[in-house]
Amino acid sequence: MDKSKLPKQETVPYVDIPKFMGNWFVISAIPTYFEKDAFQATEAYTWNEKKDRIDIDYRHKEGSMNGKEKSIPQKAFIYNKETNSEWRVQPFWPLKFAYLVIDLAPDYSDTVIGVPDRDHVWIMARSRVMNEDRYNELVEKIRKLGYDTSKLIKVPQ
């Protein structure tokens with residue numbers, strides 16, 4: 001599939017930042033290099049009022065459930081302040097990557113985060129286990145958006 005011909009991804013209409021903050025379990029992902037072979041992956045979001053940003057604490061066990069825990073702290077800046085659904089995430093200076101909230105359950109129990117080039121995507125939930133029907137619905141959505149779902153890897157929790 002020629003991704004350059006795909007339309008721009010739509011983000012959710014609005015993200016209530018205080019409701020979005022907290023702990024998320026990575027249910028599955030088309031992972032980045034740093035997340036390959038991740039077990040028990042989580043992201044914790046904290047609003048940093050003083051710096052007007054979101055502090056992200058990504059953690060996972062490497063290679064197995066008993067593997068060494070790795071932590072990758074990141075910063076996120078709200079790029080679209082009208083919707084709060086497009087951020088720029090900075091794993092380290094000076095890099096900043098677009099982070100798109102492309103799905104969000106009304107009760108903020110799960111979310112899908114994508115990137116413009118569709119090379120990476122994350123399905124996350126507030127609990128370690130996600131309803132299989134809901135999971136399949138989200139996988140189908142991201143497939144229709146042009147992500148290669150054959151690269152989607154379930155993260156053991």
Practice task
Keeping the roles fixed (side chain from Y108, backbone from D16), state whether a donor-acceptor pair exists under 3.5 Å.
Solution key: yes
Exercise for the section: Nearest 0.5 Å please: distance from the CG atom of L100 over to the OG atom of S85. Expected result: 8.0 Å
Handout entry: Residue pair T42, N23: steps toward the side chain to side chain donor-acceptor pair (under 3.5 Å) verdict
Key = CA-CA 7 Å; T42 60; N23 297 323; over 6 Å; no
Practice task
Scan side-chain atoms only and decide if S64 and N66 contain a donor-acceptor pair under the 3.5 Å cut-off.
Solution key: no
Practice task
Take atom NZ of K75 as the centre, draw a 6.0 Å sphere, and report whether it contains more than 12 heavy atoms from other residues, nucleotides or ligands.
Solution key: no
Exercise for the section: Give the cluster check for Y33 versus F97: same hydrophobic cluster or not, with ILVMFWY residues linked at side-chain heavy-atom distances below 4.5 Å. Expected result: no
Problem - Transitive ILVMFWY side-chain link I142 to V101, under 4.5 Å - result: no
Exercise for the section: May I ask you to decide whether D37 forms a salt bridge with K70, counting only side-chain N to carboxylate O separations under 4.0 Å? Expected result: no
Handout entry: Side-chain heavy atoms of I113 within contact of M124, under 4.5 Å
Key = yes
Problem - Same apolar cluster (I L V M F W Y, side chains within < 4.5 Å links), I153/Y147 - result: no
Problem - I78 to K81 - nearest heavy-atom pair and separation - result: O-CE, 3.8 Å
Practice task
Quick one: do L95 and Q90 satisfy side chain to side chain contact (heavy atoms under 4.5 Å, CB included)? Show the steps, please.
Solution key: CA-CA 6 Å; L95 297 178; Q90 186 173 55; 5.6 Å; no
Problem - Residue pair E43, W122: steps toward the side chain to side chain donor-acceptor pair (under 3.5 Å) verdict - result: CA-CA 11 Å; E43 291 212 340; W122 298 266; 5.6 Å; no
Problem - Heavy-atom side-chain contact between T46 and N48 under 4.5 Å - result: no
Practice task
Identify, with sequence neighbours excluded, every residue that meets ring-ring contact (aromatic ring centres under 6.0 Å, His included) alongside W87.
Solution key: F20, Y45, Y99
Practice task
Tell me, with the steps shown, if V26 and I123 meet side chain to side chain contact (heavy atoms under 4.5 Å, CB included).
Solution key: CA-CA 6 Å; V26 181; I123 296 175; over 6 Å; no
Fill in the blank from the handout: Between R134 and D103 the two heavy atoms that sit nearest each other are NH2-OD1, 2.8 Å
Handout entry: NZ/NE/NH1/NH2 to OD/OE distance under 4.0 Å, E132 and K154
Key = yes
Problem - Rounded distance (nearest 0.5 Å) linking atom OG of S127 with atom CZ of F25 - result: 7.5 Å
Exercise for the section: Could you tell me whether the side chain of I56 reaches within less than 4.5 Å of the side chain of P73, counting heavy atoms only? Expected result: no
Exercise for the section: Decide yes or no for V121 and V112: does some side-chain heavy atom of the first lie under 4.5 Å from some side-chain heavy atom of the second? Expected result: yes
Problem - Test item: I102 and T111 side chains (from C-beta on) under 4.5 Å apart, heavy atoms - result: no
Exercise for the section: Mark yes or no for whether E62, through its side chain, and E69, through its backbone, hold a donor-acceptor pair below 3.5 Å. Expected result: no
Exercise for the section: List the steps and the verdict of side chain to side chain contact (heavy atoms under 4.5 Å, CB included) for K96 and Y79. Expected result: CA-CA 11 Å; K96 281 188 184 171; Y79 183 74; over 6 Å; no
Practice task
Test D57 against I72 for side chain to side chain contact (heavy atoms under 4.5 Å, CB included), laying out the working first.
Solution key: CA-CA 6 Å; D57 182 21; I72 304 171; over 6 Å; no
Practice task
Taking the side chain as every heavy atom from C-beta outward, state whether Q9 and R118 have any atom pair closer than 4.5 Å.
Solution key: yes
Problem - Heavy-atom side-chain proximity of Q40 to H60 below 4.5 angstrom - result: no
Handout entry: Short N-O contact, E86 and R88, less than 4.0 angstrom
Key = yes
Practice task
Determine whether V12 and W24 fall in the same hydrophobic cluster, where Ile, Leu, Val, Met, Phe, Trp and Tyr are linked whenever their side-chain heavy atoms lie under 4.5 Å apart.
Solution key: yes
Problem - Heavy atoms from other residues, nucleotides or ligands near OH of Y135 exceed 12 (cutoff 6.0 Å) - result: yes
Practice task
Take atom CD of E10 as the centre, draw a 6.0 Å sphere, and report whether it contains more than 12 heavy atoms from other residues, nucleotides or ligands.
Solution key: no
Exercise for the section: Answer yes or no: are there more than 12 heavy-atom neighbours, outside K19 itself, under 6.0 Å from its atom NZ? Expected result: yes
Practice task
Using a cut-off of 6.0 Å, state whether more than 12 heavy atoms not belonging to Y14 lie near its atom OH.
Solution key: yes
Problem - ILVMFWY cluster, L104 and I27 together (side-chain gap under 4.5 Å) - result: no
Exercise for the section: Check A38 against A41 and note the closest heavy-atom contact, atom names and distance. Expected result: CB-CB, 4.5 Å
Problem - Nearest heavy-atom neighbours spanning A76 and V89 - result: CB-CG2, 4.0 Å
Exercise for the section: For the pair E140 (side chain) and E137 (backbone), establish whether a donor and an acceptor sit closer than 3.5 Å, ignoring hydrogens and angles. Expected result: no
Handout entry: Minimum side-chain heavy-atom gap L138-M130 below 4.5 Å
Key = yes
Exercise for the section: Could you tell me whether D110 and R126 have a side-chain N and a carboxylate O separated by less than 4.0 Å? Expected result: no
